[in-house]
Amino acid sequence: MNGALTRTKVLRLRLKDKHAKFLRDLAREVNFVWNYCNELQITMFNRERRFLSGYDFAKFTRGSTKEGLHLHSQTVQAIAQEYATRRRQFRKLRLRWRKSTGSRRSLGWIPFKRTAIHAAHGQVKFAGRWLSLWDSYGLDAYAIRAGNLCEDARGRWYLNACVAVPVAEPTDRASVRRDLGIDLGLQDLVATSDGEKVSAPQFYRGLEPKLAIAQRAGKKDRARAIHAKIANRRKDSLHKFSTHVVRAYDTIFVGNVNASALAKTPYAKSVHDASWSAFRTMLRYKCDFAGATFAEVNEAFSTQTCSACDSRSGPKGIAGLGIRAWTCSECRAVHDRNVNAAKNILAAGRRRLAEGIPALQGAGGRQMSVDPAMRPSPCQ
């Protein structure tokens, strides 16, 4: 990368269906190794009251690839390390067994490390076989660090490869800084401080009648295909808009709406269809690669506060949720509810950056530090 700053990015490419049987056979061996680690952990705890690490598992799995397994030796190590990591994460004595057959079988998953895979001329070599794929990224130009092969509910296989990509410097962007505040909602998926509004596409509700017909008829394959179409449409829409925003603005502030809490309300279906969390995740990592700044700010009272005079004169309570436009009783400014909230989010983000306060500190204590050179000038 010629000394340039890089970040790790995951490239997802679909493999040709003709390799599905070969990959399913490898996935059975992965399940065998996983279940062996699970059984070994139970035995060691009952015998010695201790938990095994990935390094400990390596002592027991050494030489397994010479005894009939077709997996790469580092793939066996990766399975054991992943098992140890997940067991610590969930704080359990054992994890769920991976099943290779039956109606509740585990979807295929084959991890690998750097030396276990090789990309060349639009293909990848894995476990001694060349696998064809739809190479939309030009995989030959990247050095694959690690990753996995995984199967979706429709039986299609994908390569998830971790690669290093260069990160744009802030100086590479336009000299004129542009800041944006974004308010997330259900009727309007996105409302920006510049007045741009994107209506909620409602991909799930659009295909819900067809999905209901397929489910009532017991057509599981058709139901899976409809679910995949809904997810792909939603992801495509979010990717296009998030890319547009990151390319056009240098600093982006988004309200910290609690999607998980709202998903437990009667609006759950609309909340899941809006996919706010996925949208914020896209903005976050795309800003990292584009050299832009992303921050979440507290959106409390953003819809009630007048963005012109800061008086809290907007619609309040449940009764005010249906009011989409209102006039400030103090300065007589007319506001669109969502655009006004986006302007308040932008103002809150600018104030926090100017004061040197982290834009948001979440429950996990993660803070965002801001370079003083990225702070807005007083004229903004």
Cation-aromatic face contact Arg62/Phe60, 6.0 Å, 45 degrees: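 No, Arg62 does not lie over the aromatic ring of Phe60.
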Atom pair OG1/CZ of Thr75 and Phe112 - distance to nearest 0.5 Å: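 The CZ atom of Phe112 is 8.5 Å from OG1 of Thr75, to the nearest 0.5 Å.
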Treating [X] as the side-chain partner and [Y] as the backbone partner, does any N or O pair qualify as donor plus acceptor under 3.5 Å?
X      : Y      : result
Asn256 : Glu296 : no
Asp183 : Val339 : no
Asp140 : His121 : yes
Ser242 : His239 : yes
Lys286 : Arg247 : no
Gln41  : Arg50  : yes
Ser106 : Lys99  : yes
Asn258 : Ala261 : yes
Arg337 : Trp326 : no
Asp152 : Arg154 : yes

Any salt bridge linking [X] with [Y]? Criterion: basic side-chain nitrogen under 4.0 Å from a carboxylate oxygen.
X      : Y      : answer
Asp179 : Arg350 : yes
Arg233 : Asp236 : no
Arg284 : Asp288 : no

Under 3.5 Å side-chain donor-acceptor pair for Ser270 and Arg205: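 There is such a pair between these side chains.
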Test item: side-chain donor near acceptor, Asn338 and Arg324, under 3.5 Å: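 Yes.
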Worked check of side chain to side chain donor-acceptor pair (under 3.5 Å) between Thr305 and Asn344: CA-CA 7 Å; Thr305 304; Asn344 286 326; 4.9 Å; no
Does a side-chain heavy-atom distance below 4.5 Å link [X] with [Y]?
X      : Y      : result
Lys343 : His335 : no
Arg87  : Phe90  : no
Met44  : Asp56  : no
Leu262 : Trp276 : yes
Lys210 : Lys229 : no
Ser311 : Cys328 : yes
Leu184 : Glu299 : no
Leu131 : Leu159 : no

Chi angles and distances behind the side chain to side chain donor-acceptor pair (under 3.5 Å) call for Ser53, Arg88: CA-CA 9 Å; Ser53 65; Arg88 287 194 303 268; over 6 Å; no
CA sep, side-chain torsions, deciding dist, call: Tyr142, Tyr137, ring pair (Phe, Tyr, Trp, His ring centres under 6.0 Å): CA-CA 9 Å; Tyr142 299 93; Tyr137 291 102; 7.4 Å; no
Parallel, tilted or perpendicular, as decided by the 30° and 60° cut-offs, for the rings of Tyr285 and Phe289: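 It falls in the perpendicular class, over 60°.
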Where at least one partner belongs to residues 215-227, residue pairs that pass salt bridge (charged side-chain N to carboxylate O under 4.0 Å, His left out), sequence neighbours excluded: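 Residue pairs with at least one partner in residues 215-227: Asp221-Arg224.
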